[in-house]
Number of protein chains: 2
Amino acid sequence: MSDYYTPSQVSERFGISLDTLRYYEREGLLSPVERAPSGHRRYRRGDVELLDLIRCLRDTDMPIATLRSFAELVRAGDPTIPDRVELLQRHDDQLTARIATLIERRAAIKHKIDYYRGVIGAAEEDERAASETVARA
Amino acid sequence: MSDYYTPSQVSERFGISLDTLRYYEREGLLSPVERAPSGHRRYRRGDVELLDLIRCLRDTDMPIATLRSFAELVRAGDPTIPDRVELLQRHDDQLTARIATLIERRAAIKHKIDYYRGVIGAAEEDERAASETVARA
DNA sequence: ATGCCACCTGGAGCGCACTCCAGGTCAAGC
DNA sequence: GCTTGACCTGGAGTGCGCTCCAGGTGGCAT
């Protein structure tokens with residue numbers, strides 16, 4: 001209910017370590033976060049929202065450098081919205097391509113698994129046949 | 001039409017550098033490749049087939065260490081086929097999960113893009129309204 | 001006063017997957 | 001015989017994204 005979040009709260013919420021959180025700030029993914037008089041960080045709603053998007057982009061393998069560019073656009077204000085759209089759109093295109101190849105590769109892997117299962121099945125039949133022969137003998 | 005491939009042929013075919021090819025061999029992903037009397041590598045059909053699978057797994061982010069385990073199973077012969085199936089199945093599960101989260105994240109990104117597009121649209125309307133006002137004045 | 005805890009800083013270190021390099025060899029072509 | 005080109009080796013270097021560490025501070029509880 002407070003209007004800020006402590007580092008550990010943010011860390012827990014996003015499953016990001018405190019070190020990573022500070023690292024993101026150092027790298028310019030977040031603008032310098034407000035501080036309490038003690039020097040401790042106080043994350044505002046806005047920080048958390050940006051972080052949410054950053055996590056989303058990071059989870060989809062956007063490199064830190066690109067994320068920084070994006071963050072710079074955000075800091076530069078509303079006139080950069082078209083640039084942000086462009087950046088996100090490019091990322092989305094890459095992501096879509098990536099998903100497509102992952103799905104293709106998965107099909108190939110499944111195919112290989114099926115092939116192996118076939119080999120196992122054939123071997124089992126051989127075994128069964130062999131034990132029948134023994135039984136008959 | 002020859003029964004072997006040179007390093008550069010393999011490199012080109014898979015889009016892998018010569019260095020990476022040697023690296024994979026050093027790391028035990030390929031068993032030591034045959035050599036010409038000159039010492040140059042001669043990749044056999046079997047090497048190329050294994051490489052094809054390795055690429056497929058690597059493309060789907062299987063770590064080198066896991067790939068090595070898989071290669072060791074292959075080298076150990078047919079009795080390890082069930083273990084190979086297990087390993088591939090685990091990878092396939094992870095891959096499926098990964099694809100699912102990528103798709104989720106992509107939806108979130110698209111949502112953000114749409115939001116931004118909405119903002120742009122609204123801004124354009126404002127502009128239009130403003131210029132109308134000017135015209136009227 | 002004493003602990004303790006959450007957090008701070010600058011900077012070093014790590015794991016992964018390559019990637020590059022120097023110096024050398026062999027086979028073929030001029 | 002000399003060059004060229006494809007390839008060889010061992011080992012060092014790179015880029016990325018964290019991750020860890022030592023040493024320190026402020027505020028609260030006992």
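Chain letters run A, B, ... following the sequence lines, proteins first, then strands; residues in each count from 1.
B/E27 places its CD atom 14 Å from the C1' atom of D/dG11, with the value rounded to the nearest Å. With rounding to whole Å, B/E12 atom CD is found 14 Å from D/dA6 atom C1'. Spacing between atom CD1 of B/I54 and atom C1' of C/dA17 amounts to 14 Å, rounded to whole angstrom units. Following rounding to the nearest Å, A/L57 (CG) and D/dG17 (C1') show an atom-to-atom distance of 16 Å. Summarising the geometry, the separation between OH on A/Y24 and P on D/dG17 is reported as 9 Å, rounded to the nearest angstrom. Computed from coordinates, the A/Y23 OH to D/dT19 C1' distance equals 11 Å when rounded to whole Å. For B/R68 and C/dC18, the CZ to P distance is 13 Å, given to the nearest whole Å. If you measure from atom CG of B/L67 to atom C1' of C/dA17, you get 12 Å, rounded to the nearest angstrom.
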Handout entry: Protein-to-nucleotide contact annotation, 5' to 3' order, nucleotides 1-11 of chain C [B base; S sugar-phosphate only; - none; under 4.0 Å, heavy atom]
Key = -----BSSB--
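Applying the 4.0 Å criterion to OP1 and OP2 of D/dC18, one finds that A/S17 has every side-chain N and O outside that range.
For B/R128 and B/E124, the salt-bridge test fails: no basic side-chain N is under 4.0 Å from an acidic carboxylate O. Ionic pairing of A/R22 and A/D19 is present here: one or more N-O contacts between side-chain nitrogen and carboxylate oxygen are shorter than 4.0 angstrom. Taking the charged nitrogens against the carboxylate oxygens, B/D61 and A/R98 do have a contact shorter than 4.0 Å, which makes a salt bridge.
A/T80 places no side-chain N or O within 3.5 Å of a backbone atom of A/D83 that could act as its donor or acceptor partner. B/R68 places a side-chain N or O within donor-acceptor distance of the main-chain N or O of B/E27, the cut-off being under 3.5 Å.
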Can you give each donor-acceptor pair under 3.5 Å made by side-chain atoms of residues 112-121 of chain A, sequence neighbours left out, with the distance rounded to 0.1 Å?
| unit_1 | atom_1 | unit_2 | atom_2 | d |
| --- | --- | --- | --- | --- |
| A/Y116 | OH | B/R84 | NH1 | 3.1 |

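When heavy atoms are screened at a 4.0 angstrom cut-off, A/P37 is found touching no nucleic acid atom at all.
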